[in-house]
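Data block below; observations after.
Whatever order the structure lists ligands and atoms in, that order sets their numbers, starting from 1. Along the sequence shown, the residues carry numbers beginning at 1.
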Amino acid sequence: MHWQTTRFRIALDRVRVMGIVNVTPDSFSDGGLHADAAEANAHCERLLQAGADILDIGGESTRPGAATPSADEEMARVLPVLRHACKLGVPVSVDTSQPQVMAAALALGVDIVNDVRALGRPGALQVVAQHPQAGVCLMHMRGEPGLMQSAGQTRYEDVVAEVVGFLAERAQALRKAGVAAERIVLDPGIGFAKLPEHNLALLARQGELVRLGYPVLAGWSRKSTLGVITGRPVDQRVPASVAAALAAVMQGARVLRVHDVAATVDALKVWRAAGLCAA
Ligand code: HH2
């Protein structure tokens with residue numbers, strides 16, 4: 001199994017760690033820490049030293065209630081950092097939902113479009129489909145971040161069936177538009193319009209998503225469900241995040257989107273050494 005992207009064909013026989021670089025003033029766990037380009041560039045390099053396989057760079061916070069930046073504002077945040085990251089020799093992903101930002105990032109040579117709205121904004125799918133081989137991560141969410149945790153958006157009959165059905169449809173729409181299956185990765189969207197019990201059901205039954213045949217990306221890092229389970233604030237969720245990441249691997253995830261790269265890489269090394277799975 002592999003993930004075809006602009007410059008790299010990423011082998012997924014080994015679990016890959018995607019390090020998060022939030023170039024935002026307001027992200028839920030690290031808002032403002034890497035908000036200027038020089039600091040974000042330095043963070044990219046730190047994550048690579050810690051063992052990240054992929055860098056995921058975003059300029060919009062999707063925490064509940066965060067303000068949506070304009071495309072121009074988002075581009076001013078991320079393009080300088082993407083330009084720098086593309087010189088570092090690893091696959092680079094842009095975390096965005098705006099077609100204009102996707103197009104500008106792909107013009108720079110960025111490898112992957114990671115969209116929490118699964119290319120749902122008008123024009124987004126076309127931007128990715130027109131590119132010959134950029135990778136794409138399609139994530140499940142309902143509504144918009146501002147209101148996604150409201151009661152209407154978190155009511156599910158069967159959350160796993162709905163998420164799997166939604167992602168299957170989105171992947172099919174991309175395939176119809178000419179995007180090869182090997183370019184597509186799916187993500188259940190932990191914490192996006194979901195209560196803790198929904199996130200935990202998606203972990204327990206992640207196999208149903210894996211069975212669609214696309215690689216699965218899991219994003220549990222520092223999320224609030226881990227705070228609910230452990231009673232810990234966001235800056236004390238590293239052990240819980242690593243445990244959740246390993247549980248996701250056990251359930252078939254091949255890419256882990258994380259803030260705490262070194263801790264995750266160490267945990268994967270122990271799993272590999274023990275021969276527990278093809279991690
Ligand atoms: N989670 C966040 C952002 N982007 N992309 C994917 N594919 N999967 C995720 O689970 C995911 C994501 C939220 O985390 P973070 O980037 O740390 O926070 P913020 O959105 O506040 O910047």
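The local environment of CZ in Arg205 is crowded, with over 12 non-hydrogen atoms from other residues, nucleotides or ligands closer than 6.0 Å. The local environment of CD in Glu162 is crowded, with over 12 non-hydrogen atoms from other residues, nucleotides or ligands closer than 6.0 Å.
Among all protein heavy atoms, the one lying closest to atom 17 (O) of ligand 1 is His259 NE2, 2.7 Å. In this structure, the protein non-hydrogen atom closest to atom 16 (O) of ligand 1 is Arg257 NH2, 2.8 Å. For atom 18 (O) of ligand 1, the nearest non-hydrogen atom of the protein is Phe28 CD2, 3.2 Å. Scanning all protein heavy atoms for the shortest distance to atom 21 (O) of ligand 1 gives Ser61 OG, 2.8 Å. Here the protein heavy atom with the shortest distance to atom 6 (C) of ligand 1 is Asp187 OD2, 3.1 Å.
With a heavy-atom cut-off of 4.0 Å, Thr62 touches ligand 1 through backbone and side chain alike. Neither the backbone nor the side chain of Arg222 comes within 4.0 Å of ligand 1, counting heavy atoms alone. At a heavy-atom cutoff of 4.0 Å, ligand 1 is contacted by no atom of Asp26, backbone or side chain.
Asn199 has its side chain out of reach of Lys223: every pair of non-hydrogen atoms, C-beta onward, lies at least 4.5 Å apart. Inter-residue side-chain proximity for Arg254 and Val15 is flagged as met; some heavy-atom pair is nearer than 4.5 Å. Contact annotation: the side chain of Val78 never approaches that of Thr96 to less than 4.5 Å [non-hydrogen atoms, C-beta and beyond]. At a threshold of 4.5 Å between non-hydrogen side-chain atoms, the residues Glu60 and Thr68 count as touching.
Interface of Met139 with ligand 1, defined as ligand atoms under 4.0 Å from a residue heavy atom, comprises 6 (C), 8 (N), 9 (C). Shown in contact with Arg63 at under 4.0 Å from a heavy atom are these atoms of ligand 1, numbered in order with element: 20 (O), 21 (O). Residue-ligand proximity, Cys137 to ligand 1, at heavy-atom distances under 4.0 Å covers atoms 7 (N). Short contacts between ligand 1 and Val116, defined as distances under 4.0 Å to a heavy atom of the residue, involve ligand atoms 4 (N), 5 (N), 12 (C). Close approach of ligand 1 to Lys223 (heavy-atom distance below 4.0 Å) involves ligand atoms 1 (N), 9 (C), 10 (O), 11 (C), 13 (C). Residue contact check: Ser27 has heavy atoms under 4.0 Å from atoms 19 (P), 21 (O), 22 (O) of ligand 1. Here is the list of ligand 1 atoms found below 4.0 Å of a heavy atom in Asp95: 3 (C), 4 (N), 12 (C).
Among the atoms of Asp30, none of the N or O lies under 3.5 angstrom from an N or O of ligand 1. Where the criterion is an N or O separation shorter than 3.5 Å, residue side chain and backbone included, Asp56 fails it with respect to ligand 1.
Contact analysis puts Asn114 in contact with ligand 1, with a non-hydrogen atom separation below 4.0 angstrom. Residue contact annotation: Trp220 has no non-hydrogen atom under 4.0 Å from ligand 1.
Smallest separation of non-hydrogen atoms from Pro188 and Lys194: O-NZ, 3.1 Å.
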Between Arg222 and Asp260, does the salt bridge (charged side-chain N to carboxylate O under 4.0 Å, His left out) criterion hold? Intermediate values first, please.
CA-CA 9 Å; Arg222 302 183 184 173; Asp260 303 292; 2.9 Å; yes

Determine, stepwise, if the pair Leu268 / Arg14 fulfils side-chain contact (heavy atoms from CB on, under 4.5 Å).
CA-CA 10 Å; Leu268 287 171; Arg14 197 161 74 75; over 6 Å; no

Salt bridge (charged side-chain N to carboxylate O under 4.0 Å, His left out) between Asp95 and Arg257, intermediate numbers included:
CA-CA 11 Å; Asp95 187 347; Arg257 183 182 180 278; 3.1 Å; yes

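Below 30°, between 30° and 60°, or above 60°: for His140 and Tyr156 the angle between ring planes is between 30° and 60°, a tilted geometry.
For the residue pair Asn114 and Ser93, no side-chain donor N or O sits within less than 3.5 Å of a side-chain acceptor on the partner.
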